[in-house]
Amino acid sequence: MAEQGETCRILVMASGNGSNFQALIDGVASGSIPNSRITRLIVNRAKAYATTRAEQASIPWEYFNLISNGFLAKGEKDEAKMVEARKKYDAALADKILHLEERPELIVLAGWMWVFSSDFLRPLEAAGIKVINLHPALPGQFDGAHAIERAYEDLKAGRITHTGIMVHYVIQEVDRGDPILIQEIGWEGEELDALEAKIHAHEHELIVKATAKVAGEIVEGRKK
Ligand SMILES: Nc1nc2c(c(=O)[nH]1)N[C@@H](CN(C=O)c1ccc(C(=O)N[C@@H](CCC(=O)O)C(=O)O)cc1)CN2
Ligand SMILES: NCC(=O)N[C@@H]1O[C@H](COP(=O)([O-])[O-])[C@@H](O)[C@H]1O
C-alpha cells in the first residue's frame with residue numbers, strides 16, 4: 001500500500017478547546033504537514049471542544065478518563081489509591097494505543113493536561129512511538145500547568161523580559177524533554193488576555209512546523 005510507506009500516522013491527545021488540534025488538522029489538509037494523517041483523537045475531558053473539531057474533520061475520537069473509566073472512585077482522596085489509579089490508567093491508555101488497528105507512529109500532545117508516568121511512556125518508547133508536546137514556555141522556564149499566567153506575572157514584575165513556546169519530546173520529567181522547536185515571544189506590556197492570544201497564534205504555527213519536522217524524519221527513517 002503506497003499510503004503505508006509514505007504516510008506518518010499521527011494520534012493527537014487533547015483536553016480542551018483544541019485550537020492546536022485544529023491547526024494540525026488544517027496543516028495536514030494544506031500540505032504544511034506532508035505525508036501524514038491524523039488517525040485518531042483521544043481526550044480525557046468529556047467537554048473538550050476538540051471532539052467537535054474531530055467530528056467536523058471526520059477523525060475518530062474517544063474519551064478516556066481516570067474516573068469515568070473506573071480507575072479511581074469519584075471523590076477518592078487517598079494518596080496511595082490515587083497514585084496507583086494513575087499508573088493503571090496510564091498503562092491502560094498505552095495498551096489501548098498499542099492495540100489500535102491503526103497504530104500511530106507519532107503522538108502529539110496538543111493541550112493534553114495530564115502528567116504521564118512511565119507506565120504510559122515506557123511501553124510506547126519500546127514500540128518506537130514518538131511522543132511530542134506543545135508547551136507555552138521556554139525550556140526550563142515555567143514547567144507544568146498555567147505556564148502563561150506564571151510568565152505574565154514575571155513579565156509584569158520585571159523578572160523576565162520575554163517569554164516563548166516550544167515543542168519538545170516527552171520524557172517523564174515534565175517539560176524537560178529535548179526541544180524540537182523553540183520560539184521566543186516578546187512582551188509589549190499587554191494584558192494577560194492579549195498575551196495569551198499572541199502566544200496561541202504563535203503556537204498554531206509552531207505545532208505544525210514541529211509535527212511536520214518529526215513526521216518527516218519518521219517517513220525518511222523508514223526508507224533507510
Ligand atoms: N511525563 C510527562 N507528562 C506530560 C508532559 C511531559 O513533558 N512529561 N507534558 C505535559 C503537558 N503539560 C505541559 O506542557 C502539562 C500538563 C498538565 C500538567 C498538570 O499538572 N496536570 C495535572 C492536572 C491538571 C488539571 O487537570 O488541570 C495532573 O496531571 O494531575 C502539567 C504539565 C503532558 N504530560
Ligand atoms: N502544559 C501544557 C499546556 O499548558 N498546554 C497548553 O494548553 C493550551 C491548549 O489550547 P488548545 O486546546 O486550544 O489547543 C495551549 O496553550 C497549550 O500550549
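These values consider heavy atoms only, across backbone and side chains, with no hydrogens, waters or symmetry-generated copies. One-based numbering, in listed order, for ligands and for the atoms of each.
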Undergrad: Taking the basic N atoms (NZ, or NE/NH1/NH2) and the acidic carboxylate oxygens, is any pair closer than 4.0 Å for Lys156 and Glu153?
TA: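 Looking at Lys156 and Glu153, the cut-off is met.
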
Undergrad: Specify the protein heavy atom at minimum distance from atom 18 (O) of ligand 2: its residue, its atom name, and the distance to 0.1 Å.
TA: Glu203 OE2, 2.3 Å

Undergrad: Name the closest protein heavy atom to atom 1 (N) of ligand 2, giving the residue it belongs to and the distance to 0.1 Å.
TA: His135 ND1, 3.3 Å

Undergrad: List the closest protein heavy-atom neighbour of atom 5 (C) of ligand 1: residue, atom name, distance to the nearest 0.1 Å.
TA: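 I find the closest protein heavy atom is Val170 CG1, 4.2 Å.
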
Undergrad: Taking Asp95 for the side chain and Ala91 for the main chain, is one N or O donor matched with an acceptor at less than 3.5 Å?
TA: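 Judged by distance alone, no pair lies under 3.5 Å.
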
Undergrad: Got a salt bridge between Glu217 and Lys213, using NZ or NE/NH1/NH2 to carboxylate O under 4.0 Å?
TA: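 Yes, charged N to carboxylate O under 4.0 Å.
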
Undergrad: Report yes if His135 has an N/O atom closer than 3.5 Å to an N/O atom of ligand 1; otherwise report no.
TA: yes

Undergrad: With a 3.5 Å cut-off and no angle check, do the side chains of Tyr63 and Ser68 form a donor-acceptor pair?
TA: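 Present: a donor and an acceptor within the cut-off.
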
Undergrad: Under 4.0 Å from a heavy atom of Leu121: which atoms of ligand 1 are those, numbered in the order shown and with their elements?
TA: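 In order of number, 1 (N).
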
Undergrad: Could an N or O of ligand 1 be found under 3.5 Å from any N or O of Gly144, whether backbone or side chain?
TA: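 Min N/O separation from ligand 1 is not below 3.5 Å for Gly144.
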
Undergrad: So for Gly144, does at least one of its heavy atoms come nearer than 4.0 angstrom to any atom of ligand 2?
TA: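 Yes.
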
Undergrad: Check whether the ring centres of Tyr89 and Phe64 lie less than 6.0 Å apart, and answer yes or no.
TA: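 They qualify: ring centres under 6.0 Å apart.
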
Undergrad: Before signing off on this row, confirm whether Gly18 and ligand 2 have an N or O atom pair separated by under 3.5 Å.
TA: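 Gly18 vs ligand 2: N/O contact under 3.5 Å present.
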
Undergrad: So which bit of Arg45 gets within less than 4.0 Å of ligand 1, heavy atoms only: side chain, backbone, both or neither?
TA: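 Side chain only.
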
Undergrad: Quick one: are Glu149 and Leu192 in side-chain contact, heavy atoms under 4.5 Å?
TA: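 Counting from C-beta outward, Glu149 and Leu192 do come under 4.5 Å.
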
Undergrad: Would you say Ala145 touches ligand 1, if touching means a heavy atom closer than 4.0 Å?
TA: yes

Undergrad: Looking just at side-chain N and O atoms, do Glu205 and His202 make a donor-acceptor pair shorter than 3.5 Å?
TA: no

Undergrad: Under a 4.0 Å threshold between the charged nitrogen and the carboxylate oxygen, would Glu220 count as salt-bridged to Lys223?
TA: yes

Undergrad: Considering heavy atoms of the protein only, find what lies nearest to atom 21 (N) of ligand 1 and give residue, atom and distance to 0.1 Å.
TA: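 I find the closest protein heavy atom is Met113 O, 3.8 Å.
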
Undergrad: Quick check: Asp175 and ligand 2, any N/O pair under 3.5 Å apart?
TA: no

Undergrad: Got a salt bridge between Glu102 and Arg9, using NZ or NE/NH1/NH2 to carboxylate O under 4.0 Å?
TA: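 Looking at Glu102 and Arg9, the cut-off is not met.
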
Undergrad: With atom 18 (C) of ligand 1 as the reference point, say which of Val115, Ile132, Asn133 has the nearest heavy atom.
TA: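 That would be Val115.
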
Undergrad: Any atom of ligand 1 sitting under 4.0 Å from a heavy atom of Ile171?
TA: yes

Undergrad: Just to be sure I read this right, does ligand 1 sit under 4.0 Å from the backbone of Arg86, its side chain, both, or neither, counting only heavy atoms?
TA: side chain

Undergrad: Which atoms of ligand 1 sit under 4.0 Å from any heavy atom of Trp114?
TA: 4 (C), 16 (C), 17 (C), 29 (O), 33 (C), 34 (N)

Undergrad: Using a strict cut-off of 4.0 Å, indicate which atoms of ligand 2 neighbour a heavy atom of Asn17.
TA: 12 (O), 13 (O)

Undergrad: For ligand 1, is any non-hydrogen atom under 4.0 Å from Val174's backbone (N, CA, C, O), its side chain (CB onward), both, or neither?
TA: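 Both backbone and side chain.
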
Undergrad: Please list the nearest protein heavy atom to atom 2 (C) of ligand 2 with its residue and the distance rounded to 0.1 Å.
TA: Met113 SD, 3.8 Å

Undergrad: Can you tell which part of His146 has a heavy atom less than 4.0 Å from ligand 2: side chain, backbone, both or neither?
TA: neither

Undergrad: What protein heavy atom sits nearest atom 13 (O) of ligand 2, and how far away is it?
TA: Ser19 OG, 2.6 Å

Undergrad: If you measure from each heavy atom of Arg176 to ligand 1, is any distance below 4.0 Å?
TA: no

Undergrad: Give me the residue, atom name and distance of the protein heavy atom closest to atom 9 (C) of ligand 2.
TA: Gly111 CA, 3.6 Å

Undergrad: Using side-chain hydrogen bond (donor to acceptor under 3.5 Å, both in side chains) as the criterion, list what pairs up with His168, not counting sequence neighbours.
TA: Asn133, Asp175

Undergrad: Would you say Trp112 has any N or O atom under 3.5 Å from an N or O of ligand 2, going by distance alone?
TA: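 The answer is no, given that Trp112 and ligand 2 share no N or O pair closer than 3.5 Å.
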
Undergrad: Examine Trp112 against ligand 1 and note whether any of their N/O atoms are separated by less than 3.5 Å.
TA: no

Undergrad: List the closest protein heavy-atom neighbour of atom 1 (N) of ligand 1: residue, atom name, distance to the nearest 0.1 Å.
TA: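 Ranking protein heavy atoms by distance from atom 1 (N) of ligand 1, first comes Phe116 O, 2.8 Å.
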
Undergrad: Which heavy atom of Leu100 sits nearest a heavy atom of Glu62, and at what distance?
TA: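 Looks like CD2-OE2, 4.4 Å.
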
Undergrad: Quick one: look up the protein heavy atom nearest atom 7 (O) of ligand 1 and list residue, atom name and how far away it is.
TA: Asp175 N, 2.8 Å

Undergrad: Nearest to atom 4 (O) of ligand 2, what protein heavy atom do you find, and at what distance?
TA: Pro136 CD, 3.6 Å

Undergrad: If you draw a 6.0 Å radius around CD in Gln141, do more than 12 non-hydrogen atoms from other residues or ligands fall strictly inside?
TA: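 Buried by this count: over 12 neighbours within 6.0 Å.
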
Undergrad: Under a 4.0 angstrom heavy-atom cut-off, which atoms of ligand 1 come close to Gln172?
TA: 1 (N), 2 (C), 8 (N)

Undergrad: Quick test: of every protein heavy atom, which one is nearest to atom 10 (O) of ligand 2, and how far off is it to 0.1 Å?
TA: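 Answer for atom 10 (O) of ligand 2: Asn20 ND2, 3.7 Å.
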
